[in-house]
Amino acid sequence: MIWVSWRQQRAETIVAALILVLVALVLLPSGLHMASAYDHDGLAACVGAHPSPACSEAIGSFTARFDRIGNLIAWFTLVPGIIGVLLAAPFVLQLEHGTYRLDWTQSVSPRRWIVTKLGLAAGAALVASLLLTGIVTWWRGPLINVQGRMENSVYDSVGTVPLGYTLFALGLALAVGVVWRRAAPAVLVGFGAYFALRVFFDLSLRTRLFPPHSLTWRASGADPPSLHHAWLISERPSDRLGHPVYPHVTRAQLEQCANGARVSKDCLLTNFHPAFMHAVYEPASRFWTMQLLETGLFAGVGVVLIAFAGWWTHRRAA
Amino acid sequence: MSALSAQGLGKRFGSTWALRECTLDVPVGSVTALVGPNGAGKTTLLQLAMGLLRPTTGELRVLGLVPRDDVVAFLPRVAFVAQDHPLHRRFTVRDTLKLGQKLNPSWDDDLARARIEHLGLPLDRKIAKLSGGQQSQVALTLALAKRPELLLLDEPVASLDPLARREFLSTVLEVVSETGISVILSSHILADLERVCDHLVILSHARTLLVGAIDDILAEHRLVTGPRADAASVARGSDVIRERRTERQTSLLVRSNAHVYDARWEQHEVDLEEIVLAYLGADAAPVPERELDGAAA
């Protein structure tokens, strides 16, 4: 049964492997370049919480140089979704074409057939997500050393969460597919739902599950160590109690200080001379707690959806 | 033991009965034709027999087993070729045989390879590249190499051209005469099956209309023609399957063992095709009871 399952999902598995090869080919040159720049600039010595002024400058220029490509590569967070729905296709195709009947009229029980096929699809999804995470983590290594890994754009592609995302996408496409019995719409709807739920999770649910810390500190002093490598959700001038000062500051004025997603603190300080700063953030120390819980959540829902697909097929397919 | 025995078997999809109150018995070693128009419930009956569906009502035993209850014991003994013989189109012929070998403990690889060789099909050819007739032969090979005791064929020749039809049915005949396995095959055209079958089941509108050995069916049915006025007296002693009236005479297709001892009535033998058409025609446009009463008056 394992050979048969493998043969039936071979084409999709090869496509998934090609996607990984493509990702590796895209990342390899810039990754090598970034790693050598990191070594050349001697940044390894600068990664502490309180870098020297020279280090700050080196980190600043390194970040400015690679931040853009880093943000581009953040889109690779879609790859687990693509691989997940892709690996759901062979199972749904068999329902669509009726070829499951050919298999079910050999001598294996429908239960064994379903378990083996779904198991193999989930296994391939796991291997693919581990490889993907490995490649992206290697590539991001230097950037993570200087910037941390808490920002959504980094956090989503490292650690264990890609594994959860892949299973989740696989489960979504399978669940839609076994009910609808059409592979192409199942893959598209599955991916659409995956994307929407991921955006919802990133923008809204993550900070609700893990209520961010907030912190007010004297602006003239050094940055508090707890902000080191943290995910800064907001950072603004404030009074001693953390209430925003300069309520008359318009969004447009703030945007003058904005550089991409993050607001330049130096710019704020020069323009507004606040006495205190206030930040809302997720500390770097929470990384693994958040990762494991989120992985469990996505993988758990994914496994439930996969089990549902198996149950539904067993009860309803024939 | 029966190859297939059903008691009050019924299958409902949503609010529609695909098969209803079906009671029949197919003996081991028989070749049974399952005839009826499209949508009569033939596929449903075969899929129930294969365990691809669960009955809604009634009881079904195939080779003495309940198909869905003990799949491990049941599946190796029964083979099934589904309508339009779906195969994995991305597989090669070799892959398809390997699938059969991997999924069937009773697989006879020599038989499978010999048959493919006999058909002249290259093992490396993709299934998608084969003609409809070749695909049906590969599907049949897959079913036969399983060495089943019962072979179920759902509309095996419907999509084939006349030559491929003949070849397919010849193969079935050969296998039956060599191995003596039981076969149930369905078709909406009797002519396809008449020469291979010894038992007949007529299905229409989800119900069985006639079940029996073809020899018995031929012996029981006859066409009687006589004066128009006396139809009711003849009809009293036998089941009238079909009644045709002209100005002067009535012709009845009846099922009865009793003879009509009346010189004014002529009796003729009828062939199987006419019997089947009479049953299906009667079912399609049933003669209302009142009309028969009217004839009696």
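A quick note: this is a predicted structure, and the numbers were derived from the prediction, not measured. Throughout, protein chains are lettered first and strands after them, A, B, ... in sequence-line order, and every chain is numbered starting at 1.
In this structure, chain A has heavy atoms under 4.5 Å from both the backbone and the side chain of B:F91. Contact of B:L87 with chain A is made through backbone and side chain together, with heavy-atom distances under 4.5 Å. With a 4.5 angstrom heavy-atom cutoff, A:Q8 touches chain B via backbone and side-chain atoms both. Neither the backbone nor the side chain of B:V81 comes within contact range of chain A; no heavy atom of the residue lies under 4.5 Å from a heavy atom of that chain.
Between chain A and the residues B:R89, B:K102, B:R54, B:R77, the most heavy-atom pairs under 4.5 angstrom are made by B:K102. Heavy-atom pairs under 4.5 Å with chain A were tallied for B:V71, B:L152, B:L103, B:V72; the largest tally goes to B:L103. The residue among A:R10, A:E12, A:R111 with the most heavy atom pairs within less than 4.5 Å of chain B is A:E12.
Between the side chain of B:D198 and the backbone N or O of B:V31 there is at least one donor-acceptor pair closer than 3.5 Å.
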Residues B:T141, B:R115; criterion side-chain hydrogen bond (donor to acceptor under 3.5 Å, both in side chains); working and verdict = CA-CA 7 Å; B:T141 301; B:R115 274 191 48 79; 3.1 Å; yes

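There is no side-chain donor-acceptor pair under 3.5 Å between B:T92 and B:D124.
Using the six-membered ring where Trp is involved, A:F168 and A:Y194 have ring planes that are tilted, between 30° and 60° apart. Relative ring orientation between A:W104 and A:Y100 is described as perpendicular, the plane-to-plane angle rising above 60° on a 0-90° scale split at 30° and 60°.
In the displayed structure, A:W75 atom CH2 is contacted under 6.0 Å by at most 12 heavy atoms of other residues, nucleotides or ligands.
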